[in-house]
Protein chains: 2
Amino acid sequence: MPTHFQGDLQTVRALSAFINLIRASDSTITKTTAHLEELGVTPGQFAVLEALLHLGPMCQHTLGEKLLRSGGNVTLVVDNLERHGWVRRERQVNDRRMIQIHLTPKGRRLITRVFPEHAKMVVKVMSKLSAAEQEQLRKIARKLGRGAEELCTERMKREKEHDNDQTE
Amino acid sequence: MPTHFQGDLQTVRALSAFINLIRASDSTITKTTAHLEELGVTPGQFAVLEALLHLGPMCQHTLGEKLLRSGGNVTLVVDNLERHGWVRRERQVNDRRMIQIHLTPKGRRLITRVFPEHAKMVVKVMSKLSAAEQEQLRKIARKLGRGAEELCTERMKREKEHDNDQTE
DNA sequence: CTCAAATGGTTCAAGCTTGAACGATTGGAT
DNA sequence: ATCCAATCGTTCAAGCTTGAACCATTTGAG
């Protein structure tokens with residue numbers, strides 16, 4: 001696509017980087033989650049299980065922040081994980097609004113077994129890049145991701161202030 | 001997440017690069033497609049309209065390949081675009097299996113108007129990176145994307161051969 | 001204390017996404 | 001000429017994803 005767009009250098013450069021970023025992300029996700037299908041684990045479910053394994057129990061709201069997913073989405077995915085008996089909900093006593101999500105023993109066994117396979121696939125896909133390239137990618141992608149997040153929060157802040165201006 | 005996983009250097013490096021790639025892609029997509037909502041254009045629809053604008057009319061199968069989407073998905077998205085009157089289907093006479101998708105004048109006006117806004121957003125998000133970083137990102141992401149695609153086609157080829165072995 | 005705002009979770013409608021099963025069409029092998 | 005396999009599009013079930021409306025709970029201002 002980008003090669004067929006005529007525009008100034010800055011725009012072409014940004015669009016080219018953008019399209020290749022998206023496609024790389026798309027392809028690597030597809031590739032590295034293919035093996036989950038057979039187990040009946042969806043990518044969204046895997047992400048939750050992995051977060052719980054490596055970060056410990058947490059409430060749904062936190063989970064949504066970590067995984068960049070909406071509240072409604074977390075509810076659904078946790079519902080499905082609960083149906084499988086891989087996690088359990090635990091209403092907090094000190095703040096009854098919150099529900100902490102815990103791995104069940106069954107869920108822990110599953111993710112402990114599946115995660116190494118996943119890691120192996122990631123290493124395999126990434127091995128198309130040299131160690132130095134992987135490091136560069138990590139740094140640049142991190143910087144870009146942070147930047148985009150900031151743009152979002154900045155905009156939200158501006159809109160909030162604007163709302164306040166109007167209601168005052 | 002990656003910082004909480006203990007493993008060998010190679011694996012940590014690959015996982016770190018991977019997670020940052022995914023998150024960068026996620027954040028930039030969210031950011032650059034936010035303005036489409038107001039117009040009632042979904043990201044999937046935008047992608048199709050853009051491909052048709054910059055690459056010309058093409059059949060659904062080609063569209064799916066270009067956008068890395070399944071056949072069923074293309075059918076649905078084109079259905080929705082057709083409902084809006086932004087594209088039209090044209091059954092090919094030389095091969096009646098194929099249906100070529102064309103922008104309507106209305107669709108062309110829409111994407112011609114919307115694309116520059118989109119490009120502007122991409123430039124804005126990407127401006128968090130220097131020109132050199134954008135170039136590096138493009139190169140590395142391209143290499144990685146290509147590599148992942150190859151892994152997929154290789155695997156499919158192996159499975160195909162394996163099938164043949166069994167049926168012979 | 002009281003009540004309004006904020007917060008956490010659920011539900012819903014709409015649409016995306018996939019893989020599989022299916023029907024129509026085509027092309028090639030015999 | 002016939003028929004089988006490949007190709008293209010459609011349909012379907014299942015699940016993901018979001019934003020908005022909604023309810024319960026908590027917090028803080030007065």
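Just the heavy atoms: all of them, side chains too, but no hydrogens, waters or symmetry mates, feed the values below. Just so it is clear: chains get the letters A, B, ... in the order the sequence lines come, proteins before strands, and each one is counted from 1.
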Original post:
In this structure, are over 12 heavy atoms from other groups packed under 6.0 Å from B:R88 atom CZ?
Top reply: yes
Distance check needed: [N] [atom2] versus [X] [atom1], whole Å only.
| X | N | atom1 | atom2 | value |
| --- | --- | --- | --- | --- |
| A:M58 | C:dG8 | CE | C1' | 16 Å |
| A:L36 | D:dG15 | CG | P | 15 Å |
| A:L63 | D:dT17 | CG | P | 12 Å |
| A:E37 | D:dA14 | CD | P | 16 Å |
| A:D26 | C:dT17 | CG | C1' | 11 Å |
| A:E65 | C:dG9 | CD | P | 10 Å |
| B:H61 | D:dG9 | NE2 | C1' | 10 Å |

**OP:** Identify which nucleotide among D:dC8, D:dT10, C:dG9 has an atom closest to any side-chain atom of B:I99, counting heavy atoms from C-beta outward.
**Re:** D:dT10
Subject >> Options D:dG9, D:dG15, C:dG9, nucleotide nearest the side-chain atoms of A:M98 >> reply: C:dG9
Subject >> Partners passing salt bridge (charged side-chain N to carboxylate O under 4.0 Å, His left out) against A:R69 (at least two apart in sequence or in another chain) >> reply: B:D26
Using a heavy-atom cut-off of 4.0 Å across all strands, would you classify [X] as base, sugar-phosphate, or nothing?
| X | answer |
| --- | --- |
| A:S70 | base |
| B:R89 | sugar-phosphate |
| A:Q45 | sugar-phosphate |
| A:L68 | sugar-phosphate |

**OP:** Give me the ring orientation class for B:H84 and B:W86: parallel if the planes are under 30° apart, tilted from 30 to 60°, perpendicular past 60°.
**Re:** parallel
Original post:
Between the two ends of the helix from C:dC1-D:dG30 to C:dT30-D:dA1, what is the bend in degrees, rounded to 10 degrees, where each end axis spans five pairs?
Top reply: 10°
Original post:
Can you find a side chain N or O atom of A:Q92 that sits less than 4.0 Å from OP1 or OP2 on D:dT25?
Top reply: no
Original post:
Are any of B:T42's side-chain N or O atoms less than 4.0 Å away from OP1 or OP2 of C:dG15?
Top reply: no
Tell me every residue that passes side-chain contact (heavy atoms from CB on, under 4.5 Å) with [X], counting only those two or more places apart in sequence or in another chain.
| X | result |
| --- | --- |
| A:M58 | A:A51, A:L52, A:L55, A:T62, A:L63, A:K66 |
| A:V123 | B:Q10, B:T11, B:A14 |
| B:T42 | B:Q45 |
| A:R91 | A:R96, A:I99 |

Original post:
Going by heavy atoms closer than 4.0 Å, what residues in residues 71-80 of chain B are next to DNA chain C?
Top reply: B:G72, B:N73, B:L76, B:N80
Original post:
Which pairs count as side-chain hydrogen bond (donor to acceptor under 3.5 Å, both in side chains) when at least one residue sits in residues 104-116 of chain A, sequence neighbours excluded?
Top reply: none
**OP:** May I have all residue pairs that pass side-chain hydrogen bond (donor to acceptor under 3.5 Å, both in side chains) and include part of residues 136-145 of chain B, sequence neighbours excluded?
**Re:** A:E133-B:K143, B:E135-B:R138
Original post:
Who passes ring-ring contact (aromatic ring centres under 6.0 Å, His included) against A:H102, sequence neighbours left out?
Top reply: none
Subject >> All ring-ring contact (aromatic ring centres under 6.0 Å, His included) counterparts of A:H35, not counting sequence neighbours >> reply: none
Original post:
Looking only at atom types and distance, does a side-chain atom of A:T28 sit under 3.5 Å from a main-chain N or O of A:S25, one as donor and one as acceptor?
Top reply: yes
Original post:
How do B:Q60 and A:G44 order along DNA chain D: which one's closest nucleotide is nearer the 5' end?
Top reply: B:Q60
Original post:
Where each residue is assigned the nucleotide of DNA chain D containing its nearest heavy atom, which of A:N94 and A:R69 is assigned the position nearer the 5′ end?
Top reply: A:R69
Pick out the pairs of N or O atoms, protein on one side and nucleotides 22-24 of chain D on the other, that lie under 3.5 Å.
none

